[in-house]
Amino acid sequence: MKDYDEPSEETKNEWEYDPNNWIWGMFYYNPKDKRSYFPKKIEEFGWHANYANPNFIIIVALVVL
């Protein structure tokens with residue numbers, strides 16, 4: 001069971017295409033989006049990380065330590 005309501009695909013696309021959610025065009029930062037990671041437009045190229053998600057910050061801190 002999920003801790004939050006899953007946004008619609010339309011909402012996710014709006015968030016991902018909104019330039020206000022991107023820092024310098026390459027870092028995704030959206031506090032409304034609860035996903036830590038999501039696939040890039042071409043899935044073979046990997047994943048994007050949501051730098052506004054606290055879980056992502058914890059994961060990065062653990063990797064650095």
Side-chain angles (χ1 to χ4, degrees):
M1 187 163 202
K2 297 185 179 180
D3 294 344
Y4 63 94
D5 294 331
E6 183 73 25
S8 68
E9 287 298 318
E10 183 178 316
T11 302
K12 290 179 191 177
N13 287 334
E14 287 176 14
W15 286 342
E16 291 172 24
Y17 286 112
D18 185 1
N20 294 325
N21 292 334
W22 293 89
I23 299 171
W24 299 321
M26 48 195 228
F27 299 109
Y28 183 71
Y29 188 90
N30 183 0
K32 296 178 193 173
D33 191 352
K34 300 301 179 195
R35 300 175 292 171
S36 294
Y37 297 97
F38 59 94
K40 291 186 176 187
K41 300 300 176 221
I42 302 174
E43 292 185 12
E44 290 79 19
F45 288 160
W47 295 75
H48 283 295
N50 184 2
Y51 289 84
N53 188 310
N55 293 332
F56 176 74
I57 304 299
I58 291 170
I59 292 169
V60 169
L62 289 174
V63 169
V64 169
L65 291 175

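It should be emphasised that the depicted structure is a prediction, and the values quoted were computed from it without experimental measurement.
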### Task
State yes or no: do Trp24 and Val60 share one hydrophobic cluster built from I, L, V, M, F, W and Y residues joined by side-chain heavy-atom distances below 4.5 Å, directly or via other members?
yes
#### Entry: Beyond-backbone contact of Glu10 with Trp15, side-chain heavy atoms, under 4.5 angstrom
no
### Task
Using atom types as modelled and distance alone, determine if a side-chain donor or acceptor of Asn50 lies under 3.5 Å from a backbone N or O of Asp33.
yes
### Query
What is the minimum heavy-atom distance between Ile23 and Tyr29, and which atoms define it?
CD1-CB, 3.7 Å
### Task
Search all heavy atoms of Ala52 against all heavy atoms of Pro31 and return the closest pair with its distance.
CB-N, 3.6 Å
### Query
Taking the side chain from Asn53 and the backbone from Lys34, do they hold a donor-acceptor pair closer than 3.5 Å?
yes
### Task
Specify whether Tyr28 and Phe38 have parallel, tilted or perpendicular ring planes, treating 30° as the upper limit for parallel and 60° as the lower limit for perpendicular.
perpendicular
### Query
Mind checking whether Phe27 and Tyr51 have ring centres under 6.0 Å apart?
yes
### Query
Salt bridge check: are Glu14 and Lys32 linked by an N-O gap of less than 4.0 Å?
no
## Note on the structure
dist Glu9:CD -> Glu16:CD (nearest 0.5 Å) comes out at 8.5 Å
#### Entry: Flag side-chain contact, heavy atom, 4.5 Å: Lys12 against Arg35
yes
### Query
Are Ile59 and Leu65 linked, directly or through other ILVMFWY residues, by side chains that come within less than 4.5 angstrom of each other?
no
